[in-house]
There are 2 protein chains.
Amino acid sequence: MKELDAKDRDILGILTKEARIPMKALAARIGLSRSATTERVAMLEKSGVIRGYRADIGQMDRGLVSAFLMVTLVSTPSMGVLDQLARYSEVRRVSSVTGQLDLIVEVEVPSIDRLNTLRDIIATHQSVQDLTTLIVLRRDIERLE
Amino acid sequence: MKELDAKDRDILGILTKEARIPMKALAARIGLSRSATTERVAMLEKSGVIRGYRADIGQMDRGLVSAFLMVTLVSTPSMGVLDQLARYSEVRRVSSVTGQLDLIVEVEVPSIDRLNTLRDIIATHQSVQDLTTLIVLRRDIERLE
DNA sequence: TGAGGCATCCGGCAATGTGACGGTTGCACC
DNA sequence: GGTGCAACCGTCACATTGCCGGATGCCTCA
């Protein structure tokens, strides 16, 4: 895939905030014709830079509990932990990190009970050495893209 | 705001995956007329259930570094830390959590240098007691909505 | 019970946006 | 200087949208 130029970055910048904007308006904003803009967006989609478009739903309205599970592994190559994590749809994101920890697992569960269940399942995995649960009390800032 | 019914949840389910779908197609999928569907979506937007629409960008394509900053505060009412954090556009999300930590700050910066700068700025804030930086090496799972 | 108010739905029209295409321009390469 | 190519533009026919009036069902209260 080619380098993205300034126009492409403009497009991405706008689409990450207003994904439903009409092509015509998008074109006007970046200073290209509609057809050129449509072509660029199609290219960005086809090449995988744009993976899709999502509505951004307020978390409170779903009545879910979010938590971070801070995981330390016995040995760094994760040995099936990821496979297991991937099996649970409540697992929203898993990040390998540097530092005292190895994985940060973000989960979103319907209840604290379910969180505890999930926590226990993961904590008892053979390659998990230590697991700390941090429940999100409040989102103070949220600007994910 | 009223309770969301099954149709509303259908709408949300579809829009969280395909935010750019035309209203007509959305209407056909949930089994309502286009105008009723448009009305419902408008209601969901106005009431804040739908906060916006975002293009989903593959993170690697941006050449950015993501990191978690684990913050312990001197005293729990945050005393201006949030205001300061909000000032930096690299701060993607801040979560108040239970446990040994007080805040989890997620940042996305163009370089490690910038990360260090940001880290230092936050760490020297008077109400920050402790700050640990965890750099994201890899996203193993990502299913944020 | 039946008249009014309200929420929700539908369909239709005019305005706007889209997909598809052909034509222009600028540039690199032989 | 001719050929190929990538990126752009404008236009046509068609699809989608915003906006409306009107139907339907339901609740409330005289």
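All chains are named by letter (A, B, ...) in the order of the sequence lines, taking the proteins before the strands, and each is independently numbered beginning at 1. In what follows, every heavy atom counts, from backbone to side chain, and hydrogens, waters and symmetry copies are set aside.
Residues passing the side chain to side chain contact (heavy atoms under 4.5 Å, CB included) test with A:Ala42: none are found, sequence neighbours excluded. Checked against salt bridge (charged side-chain N to carboxylate O under 4.0 Å, His left out), A:Arg20 has no partners two or more places apart in sequence or in another chain.
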**OP:** Quick one, give me the B/S/- string for nucleotides 15-26 of chain D, reading 5' to 3', where B means a protein heavy atom under 4.0 Å from the base and S means that only happens at the primed atoms, P, OP1 or OP2.
**Re:** -SBBB-------

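A single hydrophobic cluster is seen to contain both A:Ile57 and B:Met23, as judged by linkage of ILVMFWY side chains at heavy-atom distances under 4.5 Å, directly or through other members.
For the pair A:Val105 and A:Met70, the minimum side-chain heavy-atom distance is 4.5 Å or more.
Per the geometry, CG belonging to A:Leu32 stands 11 Å off P belonging to D:dG10, to the nearest Å.
With rounding to the nearest 0.5 angstrom, the CD1 atom of A:Ile112 is 4.0 Å from the CD1 atom of A:Ile135.
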